[in-house]
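Written below as structure tokens is the structure these notes are about.
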Amino acid sequence: MTTIKGPGIFLAQFMGDQAPFNSLESICKWAASLGFTGVQIPSWDARCIDLQKAAESKTYADEIKGIVQSAGLEITELSTHLQGQLVAVHPAYDVLFDGFAPETVRGNAKARTEWAVQQLKYAAKASANLGLNAHATFSGALLWHTVYPWPQRPAGLVETGFTELAKRWKPILDVFDENGVDLCYEIHPGEDLHDGISYEMFLEKVNNHPRACLLYDPSHFVLQCLDYLSYIDHYHERIRMFHVKDAEFNPSGKQGVYGGYQNWIDRAGRFRSLGDGQVDFSSIFSKLAAYDYKGWAVMEWECAIKHPETGAAEGAPFIKKHIIKVTDKAFDDFAGTGSDENFNRRILGINE
């Protein structure tokens, strides 16, 4: 078994225009002061990194790595959540998602998709230049507007949707493979990969591609009433990243999973700061350790109630407390009597 690395922090929700949140150097010093040991970098934020430059220049990648290391931290992974979303967008979401792309490709779905695909390919190379072995993203969605089967889905619709999604991602997965990096899809509502079943349908379409891996985030499973502990039993061999994020689900006589079009503060299911929600992190860390998860535990903070800086200050010790320093010996070795084949046969009564 391996002791999980951490605590790390995903910087996306903390970057801002005021110091210390306005540069990679200053936000790393802030994160280190709270007790974090790693940072997950949002690759779309130019205050953190120039993704293309990191892909094309090992020297620049080393400079980024040096900035983080000078604060006493490591880069855990890069993230392309926003760019990955744009690899597959149903036209119904064009207006909402155009803001994820540069102005030059807004209003042009084909150009936006091509930009997103190139971004992912840059991310593969940049990750390799930074010495990283895993990367976070979203799958995007062509089918999400049909997630509830009303009106009735035409026969073959889901098959066609996943075939097209795999067609778009397979070349990207191949580039990640060439660079020795696992591409980890965050399983998330709004994406075509939003639960175990949809992930399996995608995996089949990409011929069980070895780089089509998973970012485990239990908060999204609480909100859809999915068993987030047995999910680890099913998919532990593909889990290569871990977002430590809390959530709660409090259904009432007026709303449930769908949330009644309410804002986050008023939804039955909502994200919470670490320790304020319902996620059983003790069981999660135990399962991941038992399955020899070798990656980072990275806090993703999203809460409609608590201040982010308070959430971050509480997050580092919360994760540190849950990381299990794994044992290097069996607890009952003290009572061992040794073994060899002859001894074992005698115990079994088959020595003759």
Side-chain angles (χ1 to χ4, degrees), residues 6-10 12-14 34 40 81 85 93 96 136 138-139 141 143-150 185-199 214-236 239 241-288 297-323:
I9 180 172
F10 187 25
Q13 288 84 356
F14 294 96
L34 298 178
Q40 188 175 94
H81 284 87
Q85 181 75 61
Y93 296 94
L96 284 169
F138 280 150
S139 69
L143 286 162
W144 181 252
H145 64 297
T146 71
V147 69
Y148 193 80
W150 177 258
Y185 295 98
E186 181 166 352
I187 302 304
H188 187 287
E191 312 301 320
D192 280 345
L193 307 192
H194 56 271
D195 58 16
I197 296 295
S198 54
Y199 169 65
L214 292 166
L215 187 165
Y216 176 69
D217 183 336
S219 68
H220 302 300
F221 300 155
V222 170
L223 269 53
Q224 54 181 310
C225 301
L226 189 153
D227 184 341
Y228 57 84
L229 293 177
S230 65
Y231 177 96
I232 298 174
D233 297 327
H234 287 296
Y235 303 113
H236 62 90
I239 294 173
M241 292 179 62
F242 174 24
H243 269 176
V244 189
K245 191 169 82 171
D246 215 340
E248 63 183 351
F249 182 63
N250 301 303
S252 69
K254 293 188 176 182
Q255 62 156 305
V257 169
Y258 303 112
Y261 292 112
Q262 296 302 293
N263 294 322
W264 280 110
I265 189 71
D266 297 318
R267 291 176 66 88
R270 59 188 184 181
F271 303 125
R272 298 299 307 273
S273 279
L274 291 182
D276 295 344
Q278 299 168 347
V279 174
D280 178 2
F281 284 107
S282 293
S283 293
I284 288 173
F285 276 85
S286 293
K287 275 187 176 287
L288 290 176
V298 176
M299 183 189 80
E300 183 182 23
W301 178 88
E302 289 178 342
C303 181
I305 299 175
K306 186 170 283 183
H307 192 281
E309 293 181 43
T310 303
E314 295 174 351
F318 182 90
I319 294 173
K320 191 173 183 179
K321 183 182 72 175
H322 281 83
I323 291 176

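Computed from a predicted structure; not experimentally measured.
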For the residue pair [X] and [Y], what are the closest heavy atoms and their distance?
X	Y	value
Ile319	Ala297	CG2-CB, 3.9 Å
Leu193	Ser139	N-OG, 3.3 Å
Gly311	Met299	O-SD, 3.8 Å
Phe14	Pro308	CE2-O, 3.4 Å
Trp264	Ala304	CB-CB, 4.1 Å
Leu223	Arg270	CD1-N, 3.8 Å

Legend entry - Centroid-centroid under 6.0 Å between Phe10 and His81 rings: yes

Inset, instruction - Measure from the ring center of Phe221 to the ring center of Tyr231 and say whether it is less than 6.0 Å. - result: yes

Can you tell me how far the [atom1] atom of [X] sits from the [atom2] atom of [Y], to the nearest 0.5 Å?
X	Y	atom1	atom2	answer
Glu309	Trp301	CD	CH2	10.0 Å
His220	Glu300	NE2	CD	5.5 Å
Asp276	Phe318	CG	CZ	9.0 Å
Glu248	Arg267	CD	CZ	12.5 Å
Lys245	Ser273	NZ	OG	11.0 Å
His234	Leu214	NE2	CG	12.5 Å

Validation row: [X], [Y] side chains within 4.5 angstrom (heavy atoms):
X	Y	answer
Ile305	Ile265	yes
Lys287	His236	no
Val147	His194	yes
Tyr228	Ser219	no

Inset, instruction - For Asp266 and Gln255, test the side chains for any donor-to-acceptor distance below 3.5 angstrom and give the result as yes or no. - result: no

Legend entry - Side-chain donor-acceptor contact under 3.5 Å, Asp233 with Ser230: no

Inset, instruction - Look at the rings of Tyr258 and Tyr148 and say which category their plane angle falls in: under 30° parallel, 30 to 60° tilted, over 60° perpendicular. - result: perpendicular

Legend entry - Aromatic plane relationship, Phe285 with His322 - under 30° parallel, 30 to 60° tilted, over 60° perpendicular: tilted

Inset, instruction - Please report the C-alpha distance between Leu274 and Glu314 in whole Å, then the side-chain angles of each, then the deciding distance to 0.1 Å, and finally whether the side-chain contact (heavy atoms from CB on, under 4.5 Å) criterion is met. - result: CA-CA 7 Å; Leu274 291 182; Glu314 295 174 351; over 6 Å; no

Legend entry - Trace of the side-chain contact (heavy atoms from CB on, under 4.5 Å) decision for Leu215 with His243: CA-CA 7 Å; Leu215 187 165; His243 269 176; 3.6 Å; yes

Legend entry - Any donor-acceptor pair under 3.5 Å from Gln278 side chain to Phe249 backbone: yes

Legend entry - Backbone of Gly275 reached by a side-chain donor or acceptor of Asp246 within 3.5 Å: yes

Legend entry - Stepwise side-chain contact (heavy atoms from CB on, under 4.5 Å) test for Phe281 and Val279: CA-CA 6 Å; Phe281 284 107; Val279 174; 3.6 Å; yes

Inset, instruction - Take Leu229 and Ile284, measure what side-chain contact (heavy atoms from CB on, under 4.5 Å) needs, and give me the verdict at the end. - result: CA-CA 7 Å; Leu229 293 177; Ile284 288 173; 3.7 Å; yes

